[in-house]
Amino acid sequence: MDEKYFPEKIEEKWQRIWTETGAFEVEPDDERPSFYCLEMLPYPSGFLHMGHVRNYSIGDALSWYKRLSGFNVLHPIGWDSFGQPAEQAAIKRGINPLDWTEENIAHMRGQMKRIGVSYDWRREIAAHRPEYYRWDQWFFLKMYERGLAYKRKSPVNWCPKEQTVLSNEQSSGGVCWRCGTIVEKKEREQWFIRITAYAEELLEGMKQIEAGWPERVLTMQRNWINRSEGAFVDFAIKETDEKVRIFTTRIDTIYGATAVVLAIEHPLVAKSVLKDDVAQFVERVRVARQSQVTPGEDEEKEGINTGLLAINPFNGETIPVWVANYVLMEYGAGAVMSVPAHDERDFEFAQKYSLPVRRVIERVSHEQEKIEHDPEAGLDQSVMMPHAFTDYGILVNSGDWGGKLSADAKIEMARFAEEQGFGEAAVTYRLRDWGISRQRFWGAPIPVIYCEQCGIVPVPENELPVVLPEHAEFTGAGDNPLAGVAEFVNTTCPTCGNAARRETDTMDTFVDSSWYFFRYCDPRNESAPFDKKAIAYWTPVDQYIGGIDHAVMHLLYTRFWTKMMRDIGLVSFDEPVKRLMTQGMVTNLVEGTSEWKRMSKSLGNGVDPDDMIAAYGADAVRLFILFAAPPENELRWQETGIEGGVRFLRRVWGMVWRWRERLSEAPRKEDGAAGAEFSDAARALRRKTHQTIARITDDFEELHFNTSVAALMELSNALADSGVQPEAASATDAFAVREALEALIVMLAPFAPHVSEEMWEALGHAGGLIKGAARWPVANDELARKEELEIPVQVNGKLRSRIRATPDTTEEALRAAALEDEKVRGLTEGRQVVKVIVVPQRLVNVVVK
RNA sequence: GCCGGAGUGGCGAAAUUGGUAUACGCACCAGACUCAAAAUCUGGCGGGGUUCACUCCCCAUGAGGGUUCGAGUCCCUCCUCCGGCACCA
């Protein structure tokens, strides 16, 4: 140890020692409890940004804490290395995607090592390597066998900039998740994963993880799946054999239906002999949608009467059939019954086209016990209703159902429809199947062969992996470069041996990240995606840390994937992640403004982690990141804050430097200091030490790193202010100082591991914090207990005085002391004491009249 | 519009979950050291009023109300900000 703190020197030293001793390399060990700490798989863009550093600082702090607390901690890292930027680099700069990716990984790995993140590097994986993606392909085959992977032609979300398909999750809000381009709709044959088969379970499963996941992530997933309970009802089309099925969540309002409205893509629209103006309308809407101007902004509701008539099966009434742009083909049945009186959208539509508004639900009021039937019922009420009444209530003007409550009628009417054969109760979801086909080169090839005779033939398992060719033409012309590689495309049919063609779509990269953390448990397995025993020891993930941006996409897919793996017998649990923490953004001032925005190159407010490490050391950067804000909050980047971190580390360093000689001969165990009484100063220091241990241990369990650091600073201040000096310290004083310093160092290690290692060594400990004998300190409640308390005394709830007491002072004594207190007496004199509230060890409140 | 989260000093934030509001740090101010500056150290730092002074009083956790001996914390109403979804029938 040098007298001065030189971060670059000790950081290099300890990074070397960690590697040489395999400090963070772990294997399953039935003697020890496991802890799986996981950070989200990074994309190898080439450079680490501060968001990464924050992510890894959080995960690393927790990993260190768990390790020092006796857990066998799995803390791995890898690369989400398939995807579009590699291909862009190939197009723009003529670099092979493989070389580009590998170079980026090498650079970022170096950066991670300079931060000193405690990964088990032997377990590193990368999605673009055949030994990884062969298992993507293997899973695809398993799902294909079970009908969970299928191909169909469907309208897909097409990003014109990236020239590829996007899943619904990736085109949320009508824009591409990656580049923000407005997506178009295209008809394409593509592969889907039947995630909807698990819709109900994905909702149900949330109960299992509720306690450990942030509310907003669960809400976002719930909204995304959007379960709704309702009913299908068939309306016969008059004078034909056709019928049209509608979906409604408000079958109780069916007597108020004044039209049936179809989506423009509804089969009945195409099938029917249509008037010219209907065909024109449909075409106009279709064209308008292709060049959707502002996504998210509602089109004005428009529709046209088809001239067809539908029969309401409940009352036999004949109502017109319309086509309109506000009905979605993808949801429910692609057709609705229009009930203007009780649905805002139908109301708006009815107003525009002067459709009748018929009220069939009345508000249930307490004053009005009897529902009187509206004499105007059945007449056009649009004049009387300024907008739709969408609440539940009591049915009126609804035949035999009149007088029933909505909630009851919903159930009974659906059952009636089912009995009569013209409908059924049903649950629908907004969640759609996951489209995984991408017209890209740099992804895992979908292992399927097309044969003229045999049709779609899955690649046999023993022929996996289907390896990407090493070279392709990257023209940027929009075609999938993989389709241009003849030796890849041309193959023979595994079934009949005739010439055949390979699928050239590759998989969405979210497939890779859906199960990667299982692979970490057994990363080199060549005969299975992973060994079941290894999985049983390490998974599910105990703590997952990452950005909120994956709340719906990745985190929904991986939950699905786990359930699918359970169903094919690979895992024995339902949910992959017990606890999830979503970290906040790292922001920086945009120059010339007072706005804090996410760091980015284009805004010019980015900060390079390497520069920060060079200037202040990795330890100070990490300490600042964890101290400046709670992990889920936005983190505002401030260099003065890092300087504060450096100051703190230097102060601790200085104390160790001053004390290390004196402590080399100080007793190590409490009994070594026996025979002498601890001084007041030493007792006070020990009290602070043990209070701090208790506090920080609790904080770590809740990931409250910012308050942990604050507590460390308090302990360090207490040590400095204790008045105990190395030259004059008694054996007991020295013991108290050693206890405080060692606790401080061990608890500092999760935030600033390099400097902690160095100081730990300076205090005479060999072998390092992990491989040596260091343990997370245990708080002694007895020592942490205050000897003397200052009890606040309130009069009528206002703080007026304080009295001295000990933790053992009885309630009676506290009460008496408070009443005798001079200031209290001044305020209570001549008044009647109504009661005295005594909270032992806390407070006394004297209530006077 | 619907769903979720949050409003505490100049700033980032604490508050043992109903019991001393503002811990810890940043910034700032004053002092020491220095020819000077930086670094470092010491002290101060919510607002207002009062005392020569030790002190003492009042107000303050987005606004208003309520429950309670006692509310940043619980309940009601409202405002603002952030995030998600958005014609989902």
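Numbers restart at 1 for each chain; the letters A, B, ... are given by sequence-line order, proteins then strands.
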Test log, rule side-chain contact (heavy atoms from CB on, under 4.5 Å), inputs A:Leu555 and A:Leu580: CA-CA 10 Å; A:Leu555 289 169; A:Leu580 172 71; 3.7 Å; yes

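- For A:Tyr326, whose side chain is taken as the heavy atoms from C-beta onward, the closest listed nucleotide among B:C87, B:A86, B:G12 is B:C87.
- Distance from the side chain of A:Ala629 is smallest for B:G12 among the nucleotides B:C24, B:A89, B:G12.
- The side chain of A:Asn717 lies closest to B:G25, out of B:G25, B:A89, B:G4.
- Ranking B:A89, B:C87, B:C24 by closeness to the A:Phe627 side chain, first place goes to B:C24.
- Judged purely by atom type and a 3.5 angstrom limit, A:Asp2 has no side-chain atom pairing as donor or acceptor with the backbone of A:Lys4.
- Taking the P atoms as reference points, B:C2 lies 49 Å from B:C57, given to the whole Å.
- Take the nearest nucleotide of RNA chain B for A:Ala711 and for A:Gly334: the residue whose nucleotide is more 5' is A:Ala711.
- If you take CD1 of A:Ile225 and P of B:C2, they are 22 Å apart, rounded to a whole angstrom.
- Which of B:G4, B:C24, B:A89 sits closest to the side chain of A:Met713 comes down to B:C24.
- Look at the C1' atom in both B:C11 and B:C45: the space between them is 14 Å, to the nearest Å.
- Rounded to whole angstrom, the span from the CZ atom of A:Arg430 across to the C1' atom of B:A89 amounts to 14 Å.
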Pair pattern of RNA chain B in dot-bracket, where unpaired bases get dots and | marks partners in another strand, Watson-Crick or G-U under 3.5 angstrom: (((((((..(((......[....))).(((((.......))))).((((......))))..(((((..]....))))))))))))....

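- Nucleotides B:A86 and B:A15, compared at atom C1', are 39 Å apart to the nearest Å.
- Residue A:Asn223 places none of its side-chain N or O atoms closer than 4.0 Å to OP1 or OP2 of B:A86.
- In this structure, A:Arg430 fails the cation-pi test against A:Tyr331, since its NZ or CZ atom is not both closer than 6.0 Å to the six-membered ring centre and inside 45 degrees of the ring normal.
- In terms of modelled atom types and a separation under 3.5 Å, the side chain of A:Lys410 and the main chain of A:Thr249 share a donor-acceptor contact.
- Side-chain atoms of A:Arg651 lie closest to B:C41 of the nucleotides B:C41, B:U40, B:G5.
- One P atom belongs to B:A71, the other to B:A63, and the distance between them is 15 Å to the nearest Å.
- For the P atom pair drawn from B:C56 and B:A21, the interatomic distance equals 14 Å after rounding to whole Å.
- Separating the CD1 atom in A:Ile361 from the CG atom in A:Asp252 is a distance of 4.5 Å, to the nearest 0.5 Å.
- The residue A:Gly644 sits close only to the backbone: its heavy atoms come under 4.0 Å of sugar-phosphate atoms, none of a base.
- Atom C1' of B:C81 sits at a distance of 41 Å from the matching atom of B:U42, rounded to the whole Å.
- In this structure, the nucleotide among B:A89, B:G4, B:A27 sitting nearest to the side chain of A:Tyr331 is B:A89.
- In this structure, A:Tyr353 and A:Phe349 have tilted ring planes: the angle between them lies in the 30° to 60° band.
- When the side-chain nitrogen and oxygen atoms of A:Thr219 are compared with OP1 and OP2 of B:C85, none of them lie within a distance under 4.0 Å.
- To the nearest angstrom, P of B:A27 lies 15 Å from CH2 of A:Trp637.
- For A:Asn633, a side-chain nitrogen or oxygen approaches OP1 or OP2 of B:A13 to under 4.0 Å.
- Taking the six-membered ring for Trp and the full ring otherwise, the centers of A:Tyr5 and A:Trp657 sit at least 6.0 Å from each other.
- The CG atom of A:Leu589 sits 14 Å away from the P atom of B:C11 (whole-angstrom rounding).
- B:U17 shows a glycosidic angle within 90° of 0 and is accordingly assigned syn.
- Closest contact between the side chain of A:Asn325 and the listed nucleotides B:C11, B:C87, B:A89 involves B:C87.
- Taking only side-chain atoms of A:Arg647, from C-beta outward, the nucleotide of B:C59, B:A89, B:C26 with the closest atom is B:C26.
- Centroid-to-centroid, the aromatic rings of A:Phe627 and A:Phe751 stay 6.0 Å apart or farther.
- Across all strands shown, A:Pro214 has no heavy atoms under 4.0 Å from either base or sugar-phosphate atoms.
- Proximity of A:Arg650 to the phosphate of B:C41: no side-chain N or O atom is located under 4.0 Å from OP1 or OP2.
- Between B:U80 and B:G62, the distance separating the two P atoms is 16 Å to the nearest Å.
- For A:Phe314 and A:Phe422, the distance between ring centers is under 6.0 angstrom.
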Under 3.5 Å, which N/O atoms of the protein pair with N/O atoms of nucleotides 18-22 of chain B?
from  : atom 1 : to       : atom 2 : distance (Å)
B:U20 : O2     : A:Arg802 : NH1    : 2.2
B:U20 : O2     : A:Arg802 : NH2    : 3.4
B:U20 : N3     : A:Arg802 : NH1    : 3.4

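- Annotation: B:U73 and B:G66 have their P atoms spaced 14 Å apart (nearest Å).
- One finds no side-chain N or O of A:Lys823 lying less than 4.0 angstrom from the OP1 or OP2 phosphate oxygen of B:U55.
- Closest to the side chain of A:Arg800, from the set B:A89, B:C58, B:A13, is B:C58.
- Between A:Lys835 atom NZ and B:G70 atom C1' there is a gap of 10 Å when expressed in whole angstrom units.
- A straight line from CZ of A:Phe232 to C1' of B:A89 spans 11 Å, rounded to a whole angstrom.
- Rounded to an integer number of Å, the gap from A:Asn706 CG to B:C26 C1' is 14 Å.
- By the 6.0 Å and 45° rule, A:Arg579 does not stack over the aromatic ring of A:Trp213.
- Note: CD1 (A:Ile642) to P (B:G12) measures 18 Å, nearest angstrom.
- A:Trp653 contributes a side-chain N or O that, together with a main-chain N or O of A:Glu3, makes up a donor-acceptor pair within less than 3.5 Å.
- Atom CE of A:Met220 is separated from atom OG1 of A:Thr582 by 9.0 Å, given to the nearest 0.5 angstrom.
- With RNA chain B read from its 5' end, the first of the two nearest nucleotides for A:Leu635 and A:Val327 is the one closest to A:Leu635.
- Side-chain atoms of A:Asp433 come within 3.5 Å of backbone N or O of A:Thr196 as a donor-acceptor pair.
- In this entry the base of B:G9 is syn relative to its sugar, with a glycosidic angle within 90° of 0.
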